[in-house]
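Throughout, a chain's letter reflects where its sequence line sits, starting with A, and its residues are numbered from 1.
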Amino acid sequence: MVVLRSIFFWPLDINHEATDETVEVRLWGKEESGATSLVIGSLNPYFYLLPKNAENVQTVLREVEDLKSQYGETVKAEVADKKYFGKPVQAIRIKCRTSEAMEKCSKNLSKLPSIKEHLEDDIRPATRYIIDNGVSPSGWYEFEVSKTARPGLMVDNVYEAVGQPEAVEVLKTPKIKILGFSITCLSEKGSPNPARNPILAISMTADPGRSEQLISDGKNDRQILEEFISRIRKLDPDVIVGYGQNSFDWPYLIERSKKHKIALSVDRSGTEPHRSVYGHISVTGRANIDLADVSEDIPEVKVKTLGSVAEFLQVANRIDIDRFLNVETAELWRSAEKRKALLEYSRRRAEVSIKVAKLLWDFTVQLSNTTGLPLDQVAAAAVGFRVDSHLMMQSRELNELIPRRREQPYIPYEGAIVLEPKPGVHDNVAVLDFTAMYPNLMIINNLSPDTFVGQEELPSSEVITVPEVGFKFRKKPPGFYKCILENLISVRKEIKAKLDKTDRKSIEHRILREREKAIKVITNACYGYAGWVGARWYVREVAESAAAFGRDTLRRVFKIAESLALPVIYGDTDAVFVEYDRPKVDKLLTKVESEMGMEIKIDKVYSRLLFTEAKKKYAGLLPDGTLDIVGLEVVRGDWSNAAKAAQERVLEIVLMEKSTHKAVQYLHEFIGNLRAGELPITDFAIWKTLTKPVDSYQVKAPHVEAAKTLIRQGWSLNVGDKVGFVITKGAGKLYSRAKPYTMTSPAEVDFEYYVTNQVLPAAMRVLGMLGADEAAILSSSGGSALSDYLERS
DNA sequence: TTAGGTCGGGG
DNA sequence: GTGTACGACCTAA
C-alpha cells in the first residue's frame with residue numbers, strides 16, 4: 001500500500017533524467033524541518049502542431065495518428081484549444097515518452113505538408129514541469145507525496161509527487177547551508193593555466209564563519225582536490241557561492257580533476273559539475289551562484305571585483321579583498337612571508353563571498369521565484385531571458401502557446417524625446433516624472449503582439465491608432481502584455497499594502513521588500529524586452545508604438561505647461577524639468593493626470609541646477625545640500641580619477657559655494673599637483689570594456705592595445721573584461737602610448753595628456769558655463785585676474 | 001576636417 | 001544577447 005503524506009517543500013534546483021517510460025523531473029530542495037529532499041515528478045514531454053488549414057484539424061489529427069505509430073514512443077495525440085498570439089487555435093498536442101522521442105516526432109511530423117508550425121518542443125522538461133505545475137523555484141509548496149528511494153543520492157528523503165502541488169504563502173526562507181569558496185593557483189607569467197599550473201590553495205567558508213583552507217605543496221594538487229571533494233560531501237551545502245567561479249574556479253577544478261583522473265563528485269546526484277544554460281556551471285542538487293553574475297545588477301559598482309562589490313555593500317575593504325588580484329603568484333609562493341599573505345588573501349575572499357551572498361540573497365531568491373528560473377540560472381541569465389521565463393510561466397494561465405525564438409532581421413525604430421537644455425545655472429527647478437510610463441502606456445493602449453492589427457480592416461471604434469507611426473491595436477480583449485503587466489502591478493500593490501502592515505525590522509518585511517524590487521525589475525524590463533529581436537514575444541511595432549506614445553505624452557505635457565505659462569527648462573523621455581512655481585506645478589500635475597490617466601509626480605526639486613550645452617549632462621543641488629550629478633564625467637567609468645575628482649570638486653565649489661573664482665584657483669592648484677607627480681598611478685587609469693575579442697576590432701584603440709600587452713604577458717582576457725590603462729610619455733598615436741596601469745610607474749605617465757585631455761575638458765565643461773577661461777587657469781597666476789573680474793561683474 | 005568606430009551612461 | 005538617444009574620444013582618411 002502506498003502511504004501518502006503532505007510536505008512543505010522549497011525547490012532549490014531542478015533537473016531531469018530520462019527513464020524508459022517517462023521523463024523524471026527531479027526537484028531538489030528543502031523541507032520545513034530543514035531536511036534536504038528530492039521530490040520526483042514525472043512527465044511525458046509534449047509539443048503542439050498547428051495545421052495549415054484550421055478546418056482540417058480532425059483530418060490532420062488522423063493523419064498524425066497514423067504516422068506517429070512509426071515513432072512508437074508517442075503516448076497520445078489530441079486536439080487542444082489554445083491561443084497563439086491571442087488568436088484562438090485548435091492545436092494538436094502530441095505527448096511522447098521521452099525527450100528524444102519528442103524531438104524525433106516533432107522533427108518528422110512538422111515536415112508534413114498539412115502542418116504550419118511546431119510549438120513548445122523547445123521547452124526543456126524541467127521548465128515544462130515548472131510551467132505545468134505552477135511550481136516556481138525558491139518558494140514554498142505543499143506536495144502530496146509518497147516515500148520512495150533512490151540509492152546513492154545525497155538527500156535525507158526521496159519522494160514521488162502525487163498530483164498537483166499547491167503554492168503556500170510563507171514569508172521565510174528555509175534554513176540553508178551556504179559554502180563560499182575560492183581557489184588560488186600557481187602562475188608564473190600572467191594568468192594561471194590549468195594545463196600546467198597546479199592549484200595552490202582552496203579556501204572554504206561554511207556559514208557560520210567556519211573557514212578552512214586546503215593547501216598544496218605547490219607542485220601536486222591531487223591531495224587537495226580529493227580533500228575538497230570530500231569536504232563538500234561532508235558539509236553538503238545547499239548553496240555554493242564564489243566570485244567568478246563559473247568562468248574560472250569550476251573550469252579550473254574540472255580540468256585539474258580530469259588531469260588527475262579524479263571524479264569531481266561534489267553534487268548530490270553522483271554526477272559532476274557541468275556547463276549549462278546561460279553559461280553557468282550546474283552542480284546538481286545545489287545552487288551554484290556566481291556572485292560576479294549577481295553583481296552585474298549593481299550598476300553603482302563600475303569595475304566589478306569582489307573587493308569593490310564587498311566595499312559597496314560595506315562588508316569589507318576593497319584593498320584587502322583585491323590585494324593579489326591579477327598578480328603572479330609564483331613569486332609570492334616562494335617567500336614564506338608572502339605566501340602567508342597570499343593564503344590569508346585567499347581565505348578572506350571565501351569568507352567575504354558569504355557576506356556578499358547574504359546581502360544579495362533575498363533579492364536573488366525573489367527574482368528566482370518571480371521568473372521561474374532556479375537560483376543558479378537566474379543569477380546567470382540576462383534581463384531578456386528573465387522576462388522570457390516570466391512570460392512563459394504566465395502563458396499557461398492565459399492559455400497562450402509559447403512562441404519559439406525566431407531568426408529575424410533587426411530593424412531599428414525611433415525612441416524618446418530629449419529637449420535641448422538651456423545652458424547655465426537655474427534656481428528652483430522641479431523634476432516631474434511619470435510613474436512607470438512605458439508599462440502604463442502599454443496597458444492603457446493595449447499594446448501587445450496579439451492585439452496588433454496588421455493587414456486586417458477593423459472599424460475605427462474598435463482600434464487604437466498610434467500617433468506618428470499609425471499602427472493599430474485592438475482595444476479588446478486585453479492583450480498578453482496588458483494581462484502580464486496588470487498582474488505584476490497589482491501584485492506589487494498588494495505587497496506595498498502588506499509592507500505598511502509589517503514590522504519594518506522583521507524578516508517578512510525584508511522579504512516583501514525584495515519581492516517588490518524583483519517585480520519592479522521585471523515590470524520595467526517588459527518594454528525593452530518587447531523590442532528585442534531575441535524575445536519570444538517580439539513584435540517590433542509594439543515597442544515602437546510604446547515609444548511613439550511616450551513622445552506624444554511628453555509633448556502633451558509641454559503643451560499643458562505652456563498653457564499655464566510654466567516655463568519648461570528640459571525634458572527627457574518621461575521627465576519634465578520646470579520652474580518650481582508651486583501653484584502652477586500643482587495645476588499641471590492635476591491636469592496631466594486627469595487628461596492622460598497616468599500618474600505624474602514631483603520627483604525632486606533642485607535649489608540650483610547647472611546645465612551644460614549637452615543633453616543628458618547636468619548637476620543639481622538638492623535641498624538637503626547633496627549634489628546630484630548626471631551624465632557628467634564624474635559619474636562615468638571611462639574617465640580617469642584625476643579628471644573626475646577635479647570636476648566633482650569644481651562642481652561643489654560652483655554650486656555650493658557659488659564661487660567661480662575659488663573653483664578656478666582650486667583647478668590651478670590641482671593641475672600643479674598633477675604635474676608635480678603627486679598623484680598615484682591609480683588616479684590616471686582609464687577603464688574601458690573589451691566588447692569583442694581583441695582581434696576583431698576594426699580600429700586601433702588604446703584599451704585594446706593595452707589588452708594586447710596584457711595578453712602577451714600571459715593574462716587571459718575575455719569579452720566583458722575591463723582594461724585599465726594609462727597614457728605614457730612619448731611620441732606617436734595615443735594607442736601606441738597606452739599601457740596597462742599595473743605595469744606603469746607614475747614617472748612614465750604623460751602628465752600633459754592628462755591636463756589637456758582629461759582634467760581640463762572635464763573641468764571646463766562646468767567652468768565654461770560660468771565664463772571662466774582656460775588660458776587663465778593655466779597661467780601662473782591661477783587665473784585670479786580674470787575670475788576676480790568675473791566675480792565682481 | 002570629417003566620417004566612422006567605439007564606449008558608457010540616462011531615462 | 002531589453003530598447004533608443006546622446007556625447008565624447010579616438011583613428012583614419
Using whole Å, report how far CG of D638(A) lies from C1' of dG10(B). 14 Å
What nucleic acid atoms does Y618(A) come within less than 4.0 Å of, heavy atoms only: base, sugar-phosphate, or nothing? sugar-phosphate
Nearest listed nucleotide, side chain of L734(A), among dC10(C), dA8(C), dG8(B): dC10(C)
Gap between atoms OH and P, on Y527(A) and dT4(C) respectively (whole Å): 7 Å
With a 4.0 Å cutoff (strictly under), does any side-chain N or O of Y570(A) reach OP1 or OP2 of dG10(B)? no
Along DNA chain C (nearest heavy atom to each residue), the more 5'-positioned of E420(A) and V533(A): V533(A)
May I ask you to say what V630(A) touches in the nucleic acid, namely base, sugar-phosphate or nothing, with a heavy-atom cut-off under 4.0 Å? sugar-phosphate
Minimal non-hydrogen separation, F480(A) against W537(A), with atom names: CE2-CE2, 3.3 Å
From the candidates dT11(C), dC9(C), dG7(C), the one with an atom nearest any side-chain atom of W639(A) is dC9(C)
Taking CD from E407(A) and P from dG1(C), how many angstroms apart are they, rounded to a whole number? 17 Å
Output the rounded distance in Å from OH (Y754(A)) to P (dC9(C)). 14 Å
Rounded distance (Å) that lies between atom C1' of dT2(C) and atom OH of Y481(A): 10 Å
Less than 6.0 angstrom from the centroid, inside 45 degrees of the normal: does K729(A) satisfy that with respect to the ring of F751(A)? yes
Check whether any side-chain nitrogen or oxygen of T691(A) sits under 4.0 Å from OP1 or OP2 of dC7(B), and answer yes or no. yes
Side chain of W532(A) only, heavy atoms from C-beta on: which candidate in dT2(C), dC6(C), dT6(B) is closest? dT2(C)
Just the rounded figure in Å: distance from C1' of dG10(B) to CG of D628(A). 12 Å
When all nucleic acid strands are considered with a 4.0 Å heavy-atom cut-off, which category describes G534(A): base, sugar-phosphate, or nothing? nothing
Counting the atoms with a prime plus P, OP1 and OP2 as sugar-phosphate, which does V635(A) contact under 4.0 Å by heavy atoms, base, sugar-phosphate, or nothing? sugar-phosphate
Within the pair R405(A) and dG1(C), is there a side-chain N or O less than 4.0 Å away from OP1 or OP2? no
Is the distance from OP1 or OP2 of dG5(B) to the nearest side-chain N or O of Y735(A) less than 4.0 Å? no
Just N and O in the side chain of K616(A): are any of them under 4.0 Å from OP1 or OP2 of dC6(C)? no
Taking only side-chain nitrogens and oxygens of N757(A), does any of them come within less than 4.0 Å of OP1 or OP2 of dC10(C)? yes
Answer yes or no: does a side-chain N or O of T573(A) lie under 4.0 Å from OP1 or OP2 of dT4(C)? no
Find out whether the Lys NZ or Arg CZ of K688(A) is both under 6.0 angstrom from the six-membered ring centre of F725(A) and within 45° of the ring's axis. no
Just to be sure I understand the rule, does Y753(A) reach a base, reach only the sugar-phosphate, or reach nothing, if contact means heavy atoms closer than 4.0 Å? sugar-phosphate
Rounded to whole Å, how long is the line connecting atom CG of L391(A) with atom P of dT2(C)? 14 Å
Would you mind classifying the nucleic acid contact of Y410(A) as base, sugar-phosphate or nothing, using non-hydrogen atoms under 4.0 angstrom? sugar-phosphate
Closest non-hydrogen atom pair between K644(A) and E633(A), with its separation: CD-O, 3.2 Å
dT6(B) phosphate, OP1 or OP2, under 4.0 Å from K692(A) side-chain N/O: yes
Could you check whether P412(A) gets within reach of a base, just the sugar-phosphate, or nothing at all, counting any heavy atom under 4.0 Å? sugar-phosphate
Is any NZ, NE, NH1 or NH2 atom of the basic residue among E705(A) and K733(A) found under 4.0 Å from an Asp or Glu carboxylate oxygen of the other? no
Classify A382(A) by what it touches in the nucleic acid, base, sugar-phosphate, or nothing, heavy-atom distance under 4.0 Å. sugar-phosphate
Output yes when at least one side-chain N/O atom of H703(A) is less than 4.0 Å from OP1 or OP2 of dT6(B), else no. no
Please figure out whether L419(A) or Y438(A) has its closest DNA chain C nucleotide nearer the 5' end. Y438(A)
Honestly, is K692(A) close enough over Y697(A), meaning NZ or CZ under 6.0 Å from the six-membered ring centre and within 45° of the axis? yes
Non-hydrogen atoms of V303(A) and K722(A) that approach each other most closely: CG2-CD, 3.9 Å
Using the side-chain heavy atoms of F385(A), tell me which of these nucleotides is nearest: dG7(C), dG1(C), dC10(C). dG1(C)
Is G531(A) touching bases, backbone alone, or none of the nucleic acid, heavy atoms closer than 4.0 Å? sugar-phosphate
For R765(A), answer base if it contacts any base atom (sugar-phosphate contacts may also be present), sugar-phosphate if it contacts only those atoms, and nothing otherwise; contact means non-hydrogen atoms under 4.0 Å. sugar-phosphate
Which nucleotide sits closest to the side chain of V418(A): dA12(C), dG8(B), dC6(C)? dC6(C)
Does A416(A) reach a base, just sugar-phosphate, or nothing at all? Heavy atoms under 4.0 Å. sugar-phosphate
